[in-house]
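I have placed the structure first, in the form of structure tokens, so that the comments after it can refer back to it.
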Amino acid sequence: MAGEGFQLIRRALSPGEQRRLVKAVEAVAKAAPFYTPTMPRTGKPFSVRMTNAGPLGWVSDKVGGYRYQPTHPVTGEAWPAIPKMLLQLWRAHAGYPEPPEACLINHYETGARMGSHQDRDEQELAAPVLSVSLGDDAVFHVGGRKRDDPKERMTLQSGDVVVLGKESRLAYHGIDRVFAGSSDLLADGGRINLTLRRVTPSPARTD
Ligand code: MD3
Ligand code: FE
């Protein structure tokens, strides 16, 4: 089993909830179109296209590198709000008192993958990352805090929620492959993954 703080909730969203969330993602993408991020320094394009919702969005490009920012890197507009259904999922499963600030939306078309990496661009590592999968099945891997730690592989399906907190928060992970045509949720096929993150620490309590 993956380490402490790893939670996979299979089919957390019903088919109807998944369809509602797809509509919400379409509305986000209309205001903040998917763009192709590029690697820091090399400028090599990602195979996954991305957009964001929330006060902050995760972006990457050749010159600026990995970072969070309040505006879309191409349009310069503020990111749209995080869909309500996702805020409810965070309240139900994150175990963290403040709302997420960033919802990164990854779009995988045929052949897209995500190499093994850690999510460590957030100041607040006490909050978990909560992920929702929509559309085609994907093989996902999760290892340990060191790149060479043993990895476990599993299939993520549409409606699955993964919560990565505690020991798992800095685990290496990635998406090895997506099975084209395994779901008919998305009209154009492919897979969408949404990750909710807290970027900055909770404001200090004054009571
Ligand atoms: C976080 N996304 O956006 S999400 C990413 O399916 C990312 O698009 C993948 O990795 C995707 O950064 C995987 C689920 C996930 C799995 C393991 C993690 C997120 C994680 C381990 C630690 C932190
Ligand atoms: Fe990640």
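What you see below is based on every heavy atom in this structure, not just the backbone, and it leaves out hydrogens, waters and symmetry mates. Numbering of ligands and ligand atoms starts at 1, following listing order.
Side-chain polar atoms of His173 and His141 form no donor-acceptor pair below 3.5 angstrom. Side-chain atoms of Glu101 and Tyr68 form no donor-acceptor pair, as typed in the model, at a separation below 3.5 Å.
Residues Arg113 and Ile175 share a closest heavy-atom pair of CB-O, 3.3 Å. Taking both residues in full, the closest heavy atoms of Pro55 and Trp79 are given as O-CD1, 4.5 Å, listed atom of the first, atom of the second, then distance.
No continuous path of ILVMFWY side-chain contacts below 4.5 Å connects Ile192 to Phe46, so the two sit in separate hydrophobic clusters.
Residues Ser116 and Lys151 are in side-chain contact: their nearest non-hydrogen atoms beyond the backbone lie under 4.5 Å apart. Inter-residue side-chain proximity for Arg198 and Glu122 is flagged as unmet; no heavy-atom pair is nearer than 4.5 Å.
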Task: From CA spacing to verdict: salt bridge (charged side-chain N to carboxylate O under 4.0 Å, His left out), Asp136, Arg177 - done: CA-CA 10 Å; Asp136 285 339; Arg177 65 165 297 189; over 6 Å; no

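The distance cut-off of 2.8 Å around the Fe ion (ligand 2) captures these protein N, O or S atoms, sorted by chain and number: His117 NE2, Asp119 OD1, His173 NE2.
Counting only distance, with no hydrogens or angles, the side chain of Arg67 and the backbone of Gly65 share a donor-acceptor pair below 3.5 Å.
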List ligand 1's nitrogen or oxygen atoms that come under 3.5 Å of a protein nitrogen or oxygen, with the partner atom and distance.
residue	atom	partner	partner atom	Å
ligand 1	3 (O)	Asn106	ND2	3.0
ligand 1	3 (O)	Arg197	NH2	3.3
ligand 1	6 (O)	Arg191	NH1	2.9
ligand 1	6 (O)	Arg191	NH2	3.1
ligand 1	6 (O)	Asn193	ND2	3.4
ligand 1	8 (O)	Asn106	ND2	3.1
ligand 1	8 (O)	Tyr108	OH	2.5
ligand 1	8 (O)	Asn193	OD1	3.3
ligand 1	10 (O)	His117	NE2	3.2
ligand 1	10 (O)	His173	NE2	2.9
ligand 1	12 (O)	His117	NE2	3.1
ligand 1	12 (O)	Asp119	OD1	3.2
ligand 1	12 (O)	Asp119	OD2	3.3
ligand 1	12 (O)	Arg197	NH2	3.0

